2 protein chains.
Amino acid sequence: MKLKDPKKTELIYAATLRLVKQHGLTALNMAAIGKEAKLGMGTLYVYFKSKEELINSLFKHLKQLNTARIYSSVKPNAPFKVNVKELYDNYIFNRVNFYEEHFFIEHCSGSHFLDKEARKLDESAFTGVFELLNRGKSELLVKEIDNALLIAHMMGSANELVNFCMQQKIKINKSFLDKTFSLCWDSIKK
Amino acid sequence: MKLKDPKKTELIYAATLRLVKQHGLTALNMAAIGKEAKLGMGTLYVYFKSKEELINSLFKHLKQLNTARIYSSVKPNAPFKVNVKELYDNYIFNRVNFYEEHFFIEHCSGSHFLDKEARKLDESAFTGVFELLNRGKSELLVKEIDNALLIAHMMGSANELVNFCMQQKIKINKSFLDKTFSLCWDSIKK
DNA sequence: AATATAAGCGAATAATTATTCCATAATTGA
DNA sequence: TCAATTATGGAATAATTATTCGCTTATATT
């Protein structure tokens with residue numbers, strides 16, 4: 001008997017991401033995915049039982065990938081500010097280099113497609129930053145403002161900066177990261 | 001002859017906003033809008049020639065409303081920091097009190113529905129802030145960073161803070177606005 | 001009050017898009 | 001090599017949803 005080809009799943013995922021980036025989630029349809037992935041319509045239904053399952057499956061896959069990527073290079077023993085900068089750079093870098101993925105994630109979050117499991121996954125990604133900020137407060141380096149607000153502030157800023165750069169086709173380099181990090185650091189430092 | 005009822009347009013707009021907030025833009029359809037607005041399907045097409053036109057029309061309407069609301073109370077002669085705070089408060093207040101509207105706007109922005117005119121309108125909303133920041137720089141109060149980046153930073157922060165509060169059902173009061181404004185001000189001040 | 005004109009409605013139709021089905025091809029295991 | 005099984009592709013079908021149509025109703029104008 002013939003076995004499923006694991007590469008086909010990736011092909012379908014990649015095609016979906018490209019299409020959503022180009023035409024938005026609202027315009028996404030199975031025929032287009034098939035064409036973009038160079039697969040027959042029927043093949044899509046071998047790998048996913050419905051459009052909804054395809055979207056949920058891809059969403060969960062991306063969430064897991066991204067959480068892992070952000071924290072990977074942070075060294076616990078480094079000075080506080082160094083760690084914050086490392087995390088900041090990772091976060092921005094990640095968002096730029098996997099822009100399609102984040103675009104997809106954001107548009108799914110406000111759609112009716114996601115099931116409960118996917119929505120739960122969406123929340124738990126920031127425990128690492130939480131702990132880092134607590135350390136900053138104990139070292140008297142960070143303002144005494146609720147961590148959730150500090151995170152929302154920094155994340156919101158970073159997301160919007162990346163979106164702006166992508167729209168304007170501005171390349172993000174070290175100077176950009178240093179400049180915009182100064183905005184973030186000055187805002188949270190005591 | 002019978003004249004169009006301007007209230008019907010508002011009814012349709014309001015129904016659309018409720019539906020998009022509840023089920024997302026992807027699930028929006030004309031039958032649902034008719035039902036929610038308590039109007040017949042055909043009536044929708046008296047007021048709008050297509051679903052696309054409805055969405056674009058509502059988008060432009062909201063953009064104009066919001067631009068006006070944000071700048072309305074700003075007094076040109078006040079000190080720079082006072083103006084920035086006024087704008088900040090207005091912006092947050094606006095986003096909280098017209099959450100449905102902003103939810104709709106954001107989801108449209110990433111969809112394939114918007115025409116060129118609507119997309120242009122989307123950009124021009126920040127000329128007022130642009131000029132204010134130039135004033136801040138000339139008074140040596142603001143860092144020498146590209147205005148577009150400063151705006152993306154502040155707007156991103158504000159948007160995410162509001163989203164967070166709405167999700168957690170946190171009420172926004174004066175103390176919240178003062179606390180979070182300190183984040184923004186400290187980040188851009190020289 | 002009569003008339004003309006357009007609003008208002010929702011069933012019927014058209015268009016789009018998800019899903020299934022079937023013929024064919026490929027691959028595993030015997 | 002030969003079944004047996006399942007993937008593959010795309011045409012056919014089903015389901016959903018946008019749009020039109022023909023009728024009724026309301027109301028501005030005379």
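Lettering follows sequence order; numbering is per chain, from 1. Values in this document were obtained by computation on a predicted structure and should not be read as measured data. Note: hydrogens, waters and symmetry copies are ignored here, and every other heavy atom, side chains too, is used.
- In summary, the side chains of A:Asn159 and A:Arg95 do present a donor paired with an acceptor at a separation below 3.5 Å, with no hydrogens or angles considered.
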B/S/- along nucleotides 24-30 of chain D (protein heavy atoms under 4.0 Å) is --BBB--
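- Ring geometry for A:Trp185 versus A:Phe80: interplanar angle of 30 to 60°, hence tilted.
- Between A:Lys38 and D:dG9 there is no side-chain N or O to OP1 or OP2 distance below 4.0 Å.
- Here the side chains of A:Ile33 and A:Leu54 are in contact, with some heavy-atom distance below 4.5 Å.
- Ring-plane geometry between A:His153 and B:His153 is classed as perpendicular, the angle between the planes exceeding 60 degrees on a 0 to 90 degree scale with a lower cut at 30.
- The environment of CD in B:Glu117 is sparse: at most 12 heavy-atom neighbours from other residues, nucleotides or ligands sit within 6.0 Å.
- Residues from residues 39-48 of chain A with heavy atoms under 4.0 angstrom of DNA chain D, sorted by number: A:Leu39, A:Gly40, A:Met41, A:Gly42, A:Thr43, A:Val46, A:Tyr47.
- Remark: aromatic rings of A:Phe48 and A:Tyr13 are close, center separation under 6.0 Å.
- Between B:Ile33 atom CD1 and D:dT19 atom P there is a gap of 10 Å when expressed in whole angstrom units.
- By the neighbour-count criterion of 12 heavy atoms within 6.0 Å, atom NZ of A:Lys171 is sparsely surrounded, having that number or fewer from other residues, nucleotides or ligands.
- Taking the ring axis of B:Phe103 as reference, the NZ or CZ atom of B:Lys21 does not stay both within 45° of it and closer than 6.0 Å to the ring centre.
- Within a 6.0 Å sphere centred on CZ of A:Phe93, other residues, nucleotides and ligands contribute 12 heavy atoms or fewer.
- Dense packing is recorded around NZ of B:Lys190, with more than 12 heavy atoms of other residues, nucleotides or ligands lying under 6.0 Å away.
- Heavy-atom distances to DNA chain D give each of B:Glu52 and A:Lys4 a nearest nucleotide, and the one nearer the 5′ end belongs to A:Lys4.
- Chain B approaches DNA chain C over the interval C:dA4 to C:dG10, counting the first and last nucleotide 5' to 3' with an atom under 4.0 Å from its heavy atoms.
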